[in-house]
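For reference, the structure discussed in these notes is given below.
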Amino acid sequence: MSAIQPPAELVWWKQPLDKVEGTWIGIALVWSLIMFFMMPFWHVYGKQNLSSEAYRTTPQAYMAKTQAMVDQYTIRTETSAQLPVVRPPPGSDVYLLGRLWQWWPLLELEKGQTYRLHISSMDWNHGFSLQPVNINTQIIPGYEMVLTVTPDTSGEQTIICNEFCGIGHHTMLGKIYVTEGGR
Ligand code: CUA
């Protein structure tokens, strides 16, 4: 019998199972179960899975909180993009918003300090992807994601949008500057 021809016995599920076929089904089943239980296992014991919190919000309420932080803690403006660079106090709540097609504002954090990083969208679904540390989360309007982050390397990190959000998607870049402590 070939795979091109229709099976000679149309009621194929009543045919006896070949030993090789049964073995492969068994291997596939065991492997899929291993992969399934790896997910909760790595969430607890791996270091790559991020625990995050999510709360309901509205774009207006979230904008107000972000604006308040920007008004209070802006230290400079990046002239090329006219974006405020905000340096919130170590250990504080930090607000970042995604909108078509921008991450706002730019942030400056201190190495070794822990922050609660809030992120929400003003309009559509965006994807927060922080490089090179490779932190990824979905950013959905109406929800406020909270990630607890402790930057451990100083330098410049780039936020890219990894959820297609329209014509300017590829230009939706943000920055987090991580400075050495005690500046
Ligand atoms: Cu925002 Cu793609």
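Hydrogens, waters and symmetry mates are skipped; everything else that's a heavy atom, side chains included, is used. Read the numbers this way: they start at 1 and go in the same order the structure lists the ligands and their atoms.
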Distance-only, no hydrogens or angles: does the W101 side chain make a donor-acceptor pair with backbone N or O of C165 under 3.5 Å?
yes
Donor-acceptor under 3.5 Å (N162 side chain, S129 main chain):
no
A cation-pi test, strictly: NZ or CZ of R116 under 6.0 Å from the centre of the six-membered ring of Y55 and no more than 45 degrees from its axis. Yes or no?
no
Considering non-hydrogen atoms only, spot the tightest contact between M172 and W103 and give its length.
O-NE1, 3.3 Å
Side chains of K111 and T179: any donor to acceptor distance under 3.5 Å?
no
Protein N, O or S within less than 2.8 Å of atom 2 (Cu) of ligand 1, waters excluded
C161 SG, E163 O, C165 SG, H169 ND1
Please evaluate residues Y45 and F41 with respect to the criterion ring pair (Phe, Tyr, Trp, His ring centres under 6.0 Å), reporting the C-alpha separation (whole Å), side-chain torsions for both, the decisive distance (0.1 Å), and the verdict.
CA-CA 6 Å; Y45 296 102; F41 177 82; 5.0 Å; yes
